[in-house]
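These notes concern the structure reproduced below.
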Amino acid sequence: MSALESSSPHVGKQARVSPLSVDELRDKSKVLRQHIVTMTSAANSGHPGGSLSAIDVMAALYFRVMRHDPLNPRWEDRDRFILSKGHCCPALYAVLAEAGYFPVEELMTFRKIDSLLQGHAHIRTPGVEMSSGSLGQGLSFGIGVALAARLNGGTHKIYVMMGDGECDEGEVWEAAMAAAHHKLGNIVAIVDRNGIQNDRPTDLAMELEPLADKWRSFRWNVEHVDGHDMEAVVKTLERVRSMAGPTVVIAKTVKGKGVSFMENNPAFHGKAANAEELEIALKEISQA
């Protein structure tokens, strides 16, 4: 066991999710990936690619870093997780189910009529902080939550998961400017830098580089991490909790990570695996 794995993570005294070691987080990510491909395949709909790229960071947040209580989803002192790239809600639903916000069996109702688990994250679902649809709005919402926390004397952190494609949106940069202006040290943006948006690479849709320099020019702290290196992810997320001022973590990821035919394949941005593909995907994830 590494020194990192044996260290005491930052969890609140009311948090009811037992913090996992790095090895346990790696195993948890496999389970979460299996949930993602299974629920989207059952629905024959959804966005597995971006869900699979973001899931390791989300696992580290929910099962190691964040203070939260599935038995009390509106606990005032909880850390907030805001999924700005809301179409990748299969990842969020998988995490919330495994954490105990609702039964795991509920995942198989994904995108069905009257299900709690719709195609974009919605606040009717236990544990969801923001209803999402149009991209680029999550950081603005997060800034409002961060300002409210300051006014109320709260010590919780606000984490906003964004896609790199949505960084094309002007609202993202207005929000970035506002966070720096208000010196919001309680907000952490995470950019899932998988390099693909919808049906093509991000640099063909809108060149983002130099992305880190853009954030620095808006007076944000910038951290880089391999979004699939669990030990590095945990170290980074735990380190940024104590940084002064707004911080962005640029997580380099692979769209469709863990499933060979989905990796770096724009076709699986918004397409689910069929029955034969699902069998292959589950086998590959379990053997990784």
Side-chain angles (χ1 to χ4, degrees), residues 9-10 50 53-54 56-58 60-61 64-67 77-86 88 129-130 132 134-195 197 201-203 205-227 229 232-253:
H10 185 111
S53 64
D56 293 315
V57 173
M58 291 172 65
L61 284 170
R64 172 79 180 219
V65 177
M66 284 173 49
R67 301 178 303 181
D77 292 329
R78 72 191 183 280
D79 291 331
R80 272 67 163 177
F81 177 82
I82 295 161
L83 184 65
S84 188
K85 54 174 218 165
C88 292
E129 300 284 354
M130 184 190 83
S132 54
S134 297
L135 291 172
Q137 297 181 347
L139 190 58
S140 295
F141 183 91
I143 287 169
V145 176
L147 286 169
R150 174 185 288 176
L151 288 170
N152 293 331
T155 60
H156 48 279
K157 283 281 188 178
I158 294 87
Y159 298 91
V160 181
M161 170 69 77
M162 306 160 58
D164 50 2
E166 75 175 290
C167 291
D168 295 350
E169 303 283 352
E171 184 175 350
V172 168
W173 302 104
E174 293 179 61
M177 183 165 54
H181 174 77
H182 292 291
K183 299 180 174 60
L184 294 178
N186 56 350
I187 192 164
V188 177
I190 301 164
V191 179
D192 181 24
R193 188 74 168 106
N194 61 38
Q197 60 188 97
T202 55
D203 59 356
M206 184 77 73
E207 180 58 74
L208 291 174
E209 297 300 337
L211 183 59
D213 288 344
K214 289 182 172 70
W215 285 100
R216 290 190 187 101
S217 73
F218 280 82
R219 294 180 290 147
W220 281 59
N221 305 311
V222 178
E223 293 283 325
H224 291 270
V225 71
D226 177 342
D229 181 338
V233 167
V234 170
K235 283 182 177 179
T236 299
L237 292 175
E238 291 186 341
R239 182 171 62 252
V240 301
R241 287 194 70 95
S242 59
M243 285 185 173
T247 299
V248 61
V249 176
I250 300 175
K252 186 67 175 71
T253 62

Which residue is it: R241, R64, K157? I am looking for the one with a salt bridge (Lys or Arg N to Asp or Glu O under 4.0 Å) to D79. R241

Shortest non-hydrogen pair, A146 vs I158, comes out as CA-CD1, 3.7 Å

Inspect the contact between K85 and E166 and indicate whether a charged nitrogen and a carboxylate oxygen are less than 4.0 angstrom apart. no

Which distance, rounded to the nearest 0.5 Å, do you find between the CD of E238 and the NZ of K235? 10.5 Å

Please determine whether side-chain contact (heavy atoms from CB on, under 4.5 Å) holds for the pair M130 and R80, giving the CA-CA distance in whole Å, both sets of side-chain angles, and the decisive distance to 0.1 Å. CA-CA 10 Å; M130 184 190 83; R80 272 67 163 177; over 6 Å; no

Which atom names give the shortest non-hydrogen contact between W215 and A176, and what distance separates them? CZ3-CB, 3.7 Å

Closest non-hydrogen atom pair, E209 against R193: OE2-NH2, 2.8 Å

Taking all non-hydrogen atoms of both residues, which atom of W173 and which atom of F218 are closest, and how far apart? O-CE2, 3.3 Å

Taking all atoms of both residues into account, what is the closest heavy-atom pair of S140 and A175, and its distance? OG-CB, 3.6 Å

Taking atom CD1 of I250 and atom CD of E223, what is their separation to the nearest 0.5 Å? 10.0 Å

Answer yes or no: is there an ion pair linking R67 with D77, defined by an N-O contact shorter than 4.0 Å? no

Do you know the tightest heavy-atom contact between G86 and L135? N-CD2, 4.5 Å

Would you mind listing every salt bridge (Lys or Arg N to Asp or Glu O under 4.0 Å) that reaches into residues 171-189, with sequence neighbours excluded? none

Could you walk me through whether V57 and I190 pass side-chain contact (heavy atoms from CB on, under 4.5 Å), step by step? CA-CA 9 Å; V57 173; I190 301 164; 4.0 Å; yes

V249 vs V188, side-chain contact (heavy atoms from CB on, under 4.5 Å): CA-CA, chis, key distance, verdict: CA-CA 7 Å; V249 176; V188 177; 4.2 Å; yes

Taking the side chain from K214 and the backbone from L208, do they hold a donor-acceptor pair closer than 3.5 Å? yes

Answer yes or no: is there a donor N or O on one side and an acceptor on the other, between the side chain of N221 and the main chain of A244, under 3.5 Å? yes

side-chain contact (heavy atoms from CB on, under 4.5 Å), that's the test. Do N186 and H156 meet it? Break it down for me. CA-CA 7 Å; N186 56 350; H156 48 279; over 6 Å; no

Exceeds 12 heavy-atom contacts within 6.0 angstrom, atom NE2 of H182: yes

Mind checking salt bridge (Lys or Arg N to Asp or Glu O under 4.0 Å) for E129 and listing every partner two or more places apart, or none if nothing turns up? R74, R78

d(D56 CG, D229 CG) to nearest 0.5 Å is 9.5 Å

So SG of C167 and CE of M206: to nearest 0.5 Å the spacing works out to 11.5 Å

Spell out, as yes or no, whether a donor-acceptor pair under 3.5 Å connects the side chain of D164 to the backbone of N194. yes

S84 side chain to M162 main-chain N or O, any donor-acceptor pair under 3.5 Å? no

